[in-house]
Amino acid sequence: MLGGQWLDGRSTRARRVRLERAGDDRLRIVDLADGAETFWPMAEIEVGARLGATPRVLRRAGHGQIECPDSPELAQWFRRPAGGIEAVADWLERRRLAILGAAAAAALFAFAFLRLGVPWAAERIAVAMPVAVEAEVSRQAVTLLERGHLAPSRLPAARRSALRRRFGQLVQGEPRQADMRLHFARAPGLGANALALPDGRIYLTDELVELAADDDEILAVLAHEAGHHVHRHGMRQAIESSSVLLVVGLAFGDVSGSSLAVALPTVLLTSGYSRGHEREADAYALGLLGRRGISPRAFGRIMRRLAGDDAAPAGAVGYLSTHPPTVERIEAAERAGRGPGE
Ligand SMILES: [Zn+2]
């Protein structure tokens with residue numbers, strides 16, 4: 001015996017009913033209000049699939065539907081060959097190879113989600129990220145950097161303001177230019193380097209200023225960092241890496257919002273940019289230098305110098321060690337410097 005609610009499709013009122021098996025082929029429906037009995041042939045009843053904790057639904061064409069809680073009795077009454085999705089599930093259960101195939105498909109889907117879905121979402125989240133979050137993440141990242149890597153710059157004040165002036169002219173009128181501020185620091189542990197933080201702070205090390213042969217080379221590096229800021233690479237990369245942590249954390253049941261908030265600045269500094277982001281920042285830099293009348297070859301020159309710079313330690317934190325001066329990047333800069341017809 002099983003209780004349920006009968007919506008007959010004619011009245012909007014649900015009738016409280018009791019369901020019983022009547023012989024082999026009929027279902028007895030007893031109206032609890034007046035004791036009236038109705039009989040449905042079992043063969044004409046369509047049983048809805050089990051979906052978690054939702055009520056089961058019995059339908060008979062022209063007679064409406066009865067909702068009742070899931071019960072083992074239903075399985076007994078309506079034992080019939082499985083169809084549709086149930087048949088597929090049944091088929092899968094019987095075939096180990098198919099199960100392995102399904103597992104592989106699920107893994108592939110998860111990989112595609114992390115590889116394509118997460119970057120897609122990260123870009124949109126980064127754009128919508130409140131300025132306050134960018135500022136807080138950047139502040140914490142700088143605190144981490146200052147603890148281990150950055151010391152006050154020893155460049156003369158006049159040199160610093162001259163470079164700030166040229167940087168200001170370089171990015172004048174560029175997207176997100178209002179946030180960009182140039183900072184100087186000495187970084188014995190990092191060597192010649194530069195980095196952009198999500199809030200628009202761009203750090204340039206004394207070591208890089210000293211390595212460069214002229215200001216155009218420094219501006220080439222700053223144009224690349226400006227590209228990271230314009231395209232929000234820092235925040236996007238941090239969100240992507242955190243999302244991977246989040247997905248892994250969910251899989252192992254170990255995740256909380258607070259641990260994620262703590263992780264973000266660290267992730268920002270340790271994850272580094274993807275090659276795609278580097279290419280995008282390079283392309284932006286070469287375009288910007290060209291528009292400002294600075295030869296993109298300056299970019300190739302500083303890259304070569306960085307490649308030959310023994311002072312740059314191999315074990316620098318990821319964010320700062322991810323500007324490998326590759327042959328590919330140098331060649332791209334030299335191609336851009338040649339220009340059409342040259
Ligand atoms: Zn970069």
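The shown structure was predicted, so the numbers you read here are calculated from the model rather than taken from an experiment. Any value given below was found using the heavy atoms of this structure, including those in side chains, with hydrogens, waters and symmetry copies removed. Counting starts at 1 for both ligands and their atoms, following the listed order. Each residue takes its place number in the sequence, starting with 1.
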Which atom of E278 approaches the Zn ion (ligand 1) most closely (N/O/S): OE1
Exercise: identify the closest heavy-atom pair between G191 and T205: O-OG1, 3.0 Å
Metal check, the Zn ion (ligand 1) vs H277 N/O/S, cut-off below 2.8 Å: no
Salt-bridge present (R297, E217; N to O < 4.0 Å): no
2.8 Å cut-off met by an N, O or S atom of H228 to the Zn ion (ligand 1): yes
Residue pair H224 / D282, side-chain donor-acceptor N/O under 3.5 Å: yes
Whether over 12 other heavy atoms sit under 6.0 Å from F109 CZ: no
